[in-house]
Amino acid sequence: MAIFLTEKSRVVVQGMTGAEGQKHTSRMLAAGTDIVGGVTPGKGGQSVDFAKRSIPVYGSCADAVAATGADVSVVFVPPKFTKGAVIEAVDAGIPLVVVITEGVPVHDTAAFFAHAEAAGVRVIGPNCPGIISPGQANAGIIPADIAGPGRIGLVSKSGTLTYQMMYELRDFGFSTAIGIGGDPIIGTTHIDALRAFQDDPDTDAIVMIGEIGGDAEERAAAFIAEHVTKPVVGYVAGFTAPEGKTMGHAGAIVSGSSGTAAAKQQALEAAGVKVGKTPTETAELLRAVLHAEVAV
């Protein structure tokens, strides 16, 4: 098994006819993803040729769903069109929408997330690398050749740190790795992923990567303490960040003692999570945990 995305997922790509959409559709296909169509308004009836197959283009998500039974959309459209694209996917009944686009206005994200939540649709992102279940499917821009399938679950705010942690633990492999994005408002949260990994029988251990700003990691720590029995290790980016400066992601800003890496580390460790000071150290902590479990 995996969480949210499996080999049975039927994926459409909104914006597939654009340069980024075509490039990453090609990579997703190479990873084994069942991409059943693209969606670009005004281009319905066309197709795009890839290495081994031609993918049809539909003029709307509703047309794509009616023709293909798609149950996942990956959004590669410019920021000013993202709200409309997500709302269209939600209204078409697609249950998982992965929003890769960076620079989406926060007001737009709030609007489309509220619309999705009311409809029971899961949104991943925006401003995220997406989700990969190695050996099964890839919805987004995570390089599929970093690591293979395994029994570690990974949830991360950072795309780059997602890739690095997958590389660090490539000898173990992953059930699913999900980049949730670092904007002030996001769809799927650490807690959503932690709950799913806890319930997934094919995930044995979890890596959680957070960063300075907000209280998402503290809330995740409280959830772990109450609901997660599997081993969790963590990393918080930003131990050397100055106060009052936005660091990389729009949501990564420290005010006083609130949102600091040290405060997040303290909360996670109080919940029994081992926290590394670097991604490499974090991987070594998980490696030690897994070896200890095997020894027992």
Side-chain angles (χ1 to χ4, degrees), residues 3-4 106 109-110 113-114 116-117 120 122-128 131 151-158 161-162 165 174-201 203-239 241 243 246-279 281-283 285-286 288-290 292-293:
I3 69 166
F4 307 148
V106 175
T109 301
F113 178 61
E117 192 172 38
R122 175 172 300 285
V123 173
I124 297 175
N127 187 19
C128 77
I131 177 171
R151 302 185 67 86
I152 297 172
L154 170 61
V155 55
S156 172
K157 278 186 176 179
S158 164
L161 292 175
T162 300
M165 192 58 64
F174 293 82
S175 54
T176 298
I178 174 171
I180 58 176
D183 278 4
I185 298 175
I186 57 173
T188 297
T189 65
H190 283 120
I191 291 175
D192 295 328
L194 288 164
R195 180 184 292 112
F197 283 133
Q198 172 66 22
D199 293 341
D200 177 26
T203 297
D204 292 338
I206 304 165
V207 181
M208 185 189 115
I209 299 176
E211 64 187 15
I212 59 170
D215 66 348
E217 293 78 10
E218 289 87 344
R219 287 185 281 114
F223 179 83
I224 291 167
E226 291 291 327
H227 302 289
V228 179
T229 59
K230 296 177 181 179
V232 182
V233 301
Y235 173 67
V236 180
F239 275 98
E243 292 183 11
T246 299
M247 304 296 291
H249 288 153
I253 184 168
V254 172
S255 300
S257 62
S258 174
T260 64
K264 294 175 184 296
Q265 178 184 15
Q266 184 177 7
L268 287 165
E269 289 181 341
V273 178
K274 296 181 183 295
V275 179
K277 286 294 183 72
T278 67
E281 181 182 334
T282 305
L285 288 171
L286 184 65
V289 167
L290 293 174
E293 295 219 332

Fill in: Heavy-atom side-chain contact between Leu268 and Val236 under 4.5 Å
yes
Discussion item. Is the shortest side-chain heavy-atom distance between Val273 and Met208 below 4.5 Å?
Written reply: no
Measure across [X] and [Y] and return the closest heavy-atom pair with its distance rounded to 0.1 Å.
X: Arg151; Y: Pro201; result: NH2-O, 3.0 Å
X: Thr203; Y: Gly153; result: CG2-N, 3.6 Å
X: Thr162; Y: Ala177; result: CG2-CB, 4.5 Å
X: Asp183; Y: Pro126; result: OD2-CG, 3.7 Å
X: Phe197; Y: Thr176; result: CZ-O, 3.4 Å
X: Ala271; Y: Ala221; result: CB-O, 3.3 Å

Worksheet item: Taking atom CD of Gln266 as the centre, does the number of heavy atoms from other residues, nucleotides or ligands within less than 6.0 Å exceed 12?
Response: no
Practice prompt. Spell out, as yes or no, whether a donor-acceptor pair under 3.5 Å connects the side chain of Ser175 to the backbone of Ile152.
Written response: yes
Worksheet item: Any donor and acceptor pair, going by atom type alone, linking the side chain of Gln198 with main-chain N or O of Thr229 inside 3.5 Å?
Response: yes
Worksheet item: After noting the C-alpha distance and the side-chain angles of Glu218 and Lys264, does the key distance pass the side chain to side chain contact (heavy atoms under 4.5 Å, CB included) rule?
Response: CA-CA 6 Å; Glu218 289 87 344; Lys264 294 175 184 296; 3.0 Å; yes
Worksheet item: Among Val275, Ile206, Leu286, whose side chain to side chain contact (heavy atoms under 4.5 Å, CB included) with Val233 holds?
Response: Leu286
Once rounded to the nearest 0.5 Å, what's the spacing between atom [atom1] of [X] and atom [atom2] of [Y]?
X: Glu117; Y: Arg122; atom1: CD; atom2: CZ; value: 10.5 Å
X: Lys230; Y: Asp199; atom1: NZ; atom2: CG; value: 7.5 Å
X: Leu285; Y: Leu290; atom1: CG; atom2: CG; value: 11.0 Å
X: Arg219; Y: His190; atom1: CZ; atom2: NE2; value: 10.0 Å
X: Ile186; Y: Ile180; atom1: CD1; atom2: CD1; value: 4.0 Å
X: Phe4; Y: Ile178; atom1: CZ; atom2: CD1; value: 5.5 Å

Discussion item. Among residues at least two apart in sequence or on other chains, which ones pass ring-ring contact (aromatic ring centres under 6.0 Å, His included) with Phe223?
Written reply: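 Partners of Phe223 under the ring-ring contact (aromatic ring centres under 6.0 Å, His included) test: His227.
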Worksheet item: In chain order, what residues pass the salt bridge (Lys or Arg N to Asp or Glu O under 4.0 Å) check against Arg195, with sequence neighbours excluded?
Response: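 Asp192.
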